[in-house]
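Here is the structure we will look at, set down as structure tokens.
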There are 2 protein chains.
Amino acid sequence: MQDTIQSDLSKNLGRVKSNTMADSVEVKLRQYLKKMSFKPGDALPKETDLAEALGVSRNVVREALSRLRMLGMIETRKRKGMVLASPDILQAFERVLDPLIIDDTTLRDVFELRLVLEMGLADLLYKRMTDADIDELEDIANSEINKDKSFLVKNEIAFHGKLYEMTGNSTLKRFQIMLLPVFAYVITLVDKPTSGKIDHRGLVEILRNGTKEDFKKGMYDHLKPHFDRMK
Amino acid sequence: MQDTIQSDLSKNLGRVKSNTMADSVEVKLRQYLKKMSFKPGDALPKETDLAEALGVSRNVVREALSRLRMLGMIETRKRKGMVLASPDILQAFERVLDPLIIDDTTLRDVFELRLVLEMGLADLLYKRMTDADIDELEDIANSEINKDKSFLVKNEIAFHGKLYEMTGNSTLKRFQIMLLPVFAYVITLVDKPTSGKIDHRGLVEILRNGTKEDFKKGMYDHLKPHFDRMK
DNA sequence: CTTGTACTATATGTACTACAAATATACAAA
DNA sequence: TTTGTATATTTGTAGTACATATAGTACAAG
């Protein structure tokens, strides 16, 4: 009992964070960029000036800038200095969304997040999809007749990927691609992939002739094995 | 014409990315961490050793480590060295998801992403929500009778926030919090906030007595002004 | 057997200097 | 007007030095 209290301590209390200069400078710089309301492409002060203004070594400034650069917030060019850039919001995400390094709880959360997205696609889909889209989707669905398992897995990705693409929302599409490894990983953890009552061709049929509500129902049936396994 | 070709060039070709040492080292380190399959809490080599092994200066190593530290992948402690940590997948996201610095297209995409999430919540909700949850939600909804606009905005956030909370998915909940500024910003951009046919109390009523399908329909009606404004 | 104190070794944090590398800018040449 | 060339300037990298915090240890006290 004493042991459990002790082992829980580190988890419950966490560790005190000792902020480094680089941390502070990073925050300062971000505030500075916002306050000055720079537009993408605008030139930024050079490293030495920043270091002097902030009263820290160029080393510290570079560590902070290195972080912003990773996030795509700034770009640096020799001689020219730094310029502001429009950060790619998913770039940072990509680096940490690895099934092997995130904890189990988050992994499960992300898995569910994917299910939520999939269930919520319908409204966007029915607003934006074209007949050509459905044709293409049908081709994908039809191509999986009498194929081996590895092909099915690839096709599963292609099918759902096409669904996201049909929403016309490229951020959403990229998000889905990033979620794929998590999905694949969780699938292998629990059991062999099972498909629900409705398969891909069923979904296509609904998209072509059914209502938005039909599709939501169909998608739920398609994903039902995952929902059943939850909690 | 010559001008357009020239101006298009930079857009179509993009800029050549000159990878710095810090970039390479960051990738190397990430690969290293994965390959060695460290568990959170495991000790990592010290900076000087890494620098020597990689054949770069400690400066470069520190820039790379600074990035990983920002992402929460590692933690450093004096004297002890570095240890692996479970990265907070949303921490990085938080820093770039600022309406003021991301481009308009992405902003719209993220706005839609929020709508998709909201529409997809139903299945998780109906699986996990308790009567106590609905009671609390009802309190929030009822508290907005005869209140001024600023109160309504806060309550809007509280209500939808509670919905996310009821899914029992803390990552989802945090995600929603991060999306809030984007949502608020886009709202102010287009026009004054309008609520759909169904208000919060209507949604509560459905949760208490209606089916999952009723709720999906109700949520769509609630968000309909946003959907109508799309595209 | 727990708690308090002091000490020490050591890894990170910060500063500074020096130079390499790239390239925006200006200017000359065709 | 375009193309080549030189130069100045800024980032990128290396290396040294020292400050700072702290894990680990030992030992005393309760």
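Each chain gets a letter, A, B and so on, in the order its sequence line appears, and its residues count up from 1. Model, not experiment: these values are computed from the prediction.
Distance, B:I74 CD1 to C:dA11 P: 16 Å, rounded to whole Å. The CZ-C1' distance, from B:R62 to D:dG15, rounds to 15 Å in whole Å. Protein atom CG of B:D49 is 12 Å distant from nucleotide atom C1' of C:dT10, rounded to whole Å. What separates CD of A:E75 from P of D:dT11 is a distance of 14 Å, to the nearest Å. Between the P atom of D:dT20 and the CE atom of A:M21 lies a distance of 10 Å, rounded to the nearest Å. Per the geometry, CG belonging to A:N19 stands 18 Å off P belonging to C:dT12, to the nearest Å. Computed from coordinates, the B:K80 NZ to D:dT20 C1' distance equals 18 Å when rounded to whole Å. Atom CD in B:E63 sits roughly 16 Å away from atom P in C:dT12 (whole-Å rounding).
Listed nucleotides: C:dT23, D:dA14, D:dA23. Nearest to the side chain of A:K78: C:dT23. You'll find that the side chain of B:K46 is closest to C:dA11, out of C:dG13, C:dA21, C:dA11. The B:E47 side chain lies nearest to C:dG13 when the options are D:dG12, D:dA14, C:dG13.
At the phosphate of C:dT14, neither OP1 nor OP2 sits under 4.0 Å from any side-chain N or O atom of A:S57. Listed pair B:T76 / C:dG13 meets the phosphate criterion, a side-chain N or O lying under 4.0 Å from OP1 or OP2.
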Which protein N or O atoms sit under 3.5 Å from an N or O of nucleotides 3-8 of chain D?
unit_1	atom_1	unit_2	atom_2	d
D:dA8	N3	A:R79	NH1	2.6

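Residue-to-nucleotide contacts include no donor-acceptor pair under 3.5 Å from the side chain of A:N59 to the base of C:dG13. Put simply, the side chain of B:R58 and the base of C:dG13 share a donor and an acceptor less than 3.5 Å apart.
Salt-bridge formation is detected for the pair B:R95/A:E26: a Lys NZ or Arg NE/NH1/NH2 atom is positioned less than 4.0 Å from an Asp or Glu carboxylate oxygen. Contact check on A:D23 versus A:R67 returns a salt bridge, with a Lys/Arg side-chain nitrogen under 4.0 Å from an Asp/Glu carboxylate oxygen. Residues B:R69 and B:E75 are not paired through a salt bridge, judged by the lack of any N-O separation under 4.0 Å between the basic side chain and the carboxylate. Classification of A:D88 and A:R174 as a salt-bridged pair holds, one side-chain N sitting under 4.0 Å from a carboxylate O.
End-to-end axis angle of the helix from C:dC1-D:dG30 to C:dA30-D:dT1, from C1' rotation axes over five pairs per end: 30° (rounded to 10 degrees).
Atom NZ of B:K28 has 12 or fewer heavy atoms from other residues, nucleotides or ligands within 6.0 Å.
For the residue pair A:Q176 / A:H160, no side-chain donor-acceptor distance below 3.5 Å is found, with atom types taken as modelled. Defined by atom type and a distance below 3.5 Å, a donor-acceptor pair is missing between the side-chain atoms of B:S86 and A:D103. Residues A:E156 and A:H200 bring a donor and an acceptor atom of their side chains to less than 3.5 Å of each other.
Across the interface with DNA chain C, nearest-nucleotide mapping of A:V60 and B:P45 shows B:P45 to be the residue nearer the 5′ end.
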A:K162 and A:D133: salt bridge (Lys or Arg N to Asp or Glu O under 4.0 Å), yes or no, with the steps? CA-CA 8 Å; A:K162 177 62 184 171; A:D133 280 332; 3.2 Å; yes

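Taking the six-membered ring for Trp and thresholds of 30 and 60 degrees, A:F93 and B:F93 have ring planes more than 60 degrees apart, a perpendicular arrangement.
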